[in-house]
Amino acid sequence: MPDLPAGFLDISRALPHNHPNWPGDPPLTITPGARMAQGDSVNTGVINTSTHTATHVDAPWHYADDAPTLDQVPLERYLGACLVVHVPPGEFVRAEVLSGLPDPLPPRLLLYTGQPARWATFPEDFMAVDPAFVHEAARRGVRLIGTDSPSVDPLTSKTLDAHHAFLDTGLLIVEGLNLSGVEPGEYTLICLPLPLSGVDGAPARAVLLPAGLMP
Ligand SMILES: Nc1ccccc1C(=O)C[C@H](N)C(=O)O
Ligand SMILES: [Zn+2]
Ligand SMILES: [Zn+2]
């Protein structure tokens with residue numbers, strides 16, 4: 001794979017065969033389709049995966065039946081100025097994390113909570129987001145929050161308090177980013193979910209560019 005141009009950072013999680021998914025979801029499989037070695041004219045594959053595999057976006061319909069599906073979310077919401085923040089360890093990302101940061105904030109906030117670049121097994125003990133953090137970020141102009149955790153709510157949550165804070169404030173969610181090795185600071189985010197229709201979410205390719213490269 002050629003290196004990215006200077007200043008580009010790929011913040012997507014790699015998708016190896018059997019990449020571990022949310023407990024209960026089948027792991028990612030890529031089964032062979034056509035094979036040139038067997039006389040076919042090309043090689044192809046068949047992908048089977050959860051919509052919430054590795055780096056992915058949640059469409060609001062994931063957590064509310066009357067909310068937009070992914071095709072109803074404008075792509076521009078995932079593109080543009082963002083701030084990467086390193087979060088101190090703990091059970092939740094708390095509103096105090098924002099206390100030393102500017103007001104207003106850029107429209108997109110990405111949270112590095114210490115997740116490694118690769119998940120050999122599913123990381124069940126990840127940092128969730130406190131709903132108060134979402135409300136305070138929204139008050140300061142944030143419109144999207146991304147995290148390197150597989151969810152903004154704890155694994156066993158049934159009430160999905162953080163997801164509902166996103167619904168109430170209109171903020172969007174990106175989960176499962178790979179932010180290991182990314183310095184805190186301002187960047188331009190390009191996050192491109194697969195253009196699937198009527199879905200609750202989709203895997204995405206996400207990169208960071210130097211700040212100010214795009215509007
Ligand atoms: N596949 C699931 C099955 C059941 C419950 C949650 C999930 C999730 O994927 C959680 C998710 N990543 C989230 O958006 O918080
Ligand atoms: Zn998700
Ligand atoms: Zn989610």
Side-chain angles (χ1 to χ4, degrees), residues 11-16 18-29 47-73 75 77-78 82 85 87 91-94 108-135 137-138 142-179 189 191-206:
I11 55 166
S12 332
R13 233 159 247 293
L15 288 171
N18 279 331
H19 177 87
N21 271 343
W22 192 268
D25 283 4
L28 166 72
T29 57
I47 304 169
N48 186 63
T49 188
S50 160
T51 42
H52 297 259
T53 295
T55 304
H56 70 275
V57 307
D58 285 2
W61 186 64
H62 176 52
Y63 38 91
D65 258 340
D66 55 356
T69 51
L70 182 57
D71 49 301
Q72 294 167 335
V73 178
L75 187 59
R77 296 280 311 268
Y78 296 107
C82 81
V85 177
V87 177
E91 201 179 343
F92 288 93
V93 181
R94 306 260 181 215
R108 298 166 195 82
L109 206 56
L110 304 186
L111 307 173
Y112 171 64
T113 69
Q115 287 294 328
R118 301 224 168 208
W119 291 336
T121 55
F122 187 82
E124 303 202 348
D125 190 20
F126 55 80
M127 259 182 109
V129 177
D130 187 343
F133 177 92
V134 181
H135 283 283
V142 173
R143 307 282 292 129
L144 173 151
I145 295 174
T147 174
D148 58 355
S149 281
S151 180
V152 294
D153 273 301
L155 184 79
T156 53
S157 172
K158 293 285 175 259
T159 53
L160 300 182
D161 301 339
H163 283 85
H164 290 129
F166 280 87
L167 188 69
D168 293 345
T169 52
L171 267 65
L172 292 175
I173 304 173
V174 183
E175 292 166 334
L177 289 163
N178 170 18
L179 293 168
L189 173 69
C191 174
L192 301 172
L194 288 178
L196 303 170
S197 288
V199 290
D200 55 280
R205 193 73 188 249

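Numbering of residues begins at 1 and proceeds along the displayed sequence. Order of listing sets the numbers, starting from 1, for every ligand and every atom in it.
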Could you check whether any side-chain N or O of Ser151 sits under 3.5 Å from a backbone N or O of Pro154, counting only pairs where one atom can act as donor and the other as acceptor? no
Who are the residue neighbours of ligand 1 when the rule is a heavy atom under 4.0 Å from any of its atoms? Trp22, Asp25, His52, His56, Asp58, His62, Pro150, Ser151, His163, Glu175
Minimal non-hydrogen separation, Asp200 against His62, with atom names: O-CB, 3.3 Å
All ring-ring contact (aromatic ring centres under 6.0 Å, His included) counterparts of Tyr63, not counting sequence neighbours: His163
Minimum heavy-atom separation for Met127 to Val93, with atom names? CE-N, 3.9 Å
Anything protein N, O or S sitting under 2.8 Å from the Zn ion (ligand 2): count it and give me the total. 4
Between Pro150 and Phe126, what is the shortest heavy-atom contact and its length? CG-CD2, 3.3 Å
Interatomic distance, Cys82 atom SG to Leu144 atom CG [nearest 0.5 angstrom]: 9.0 Å
When every non-hydrogen atom of Ala54 is compared with those of Asn21, the smallest separation belongs to N-OD1, 4.3 Å
How close do Arg143 and Gly170 get, counting heavy atoms only, and between which atoms? NH1-O, 3.6 Å
Hey, can you pull the donor-acceptor pairs under 3.5 Å for the side chains in residues 115-125, sequence neighbours left out?
| from | atom 1 | to | atom 2 | distance (Å) |
| --- | --- | --- | --- | --- |
| Gln115 | OE1 | Trp119 | NE1 | 3.0 |

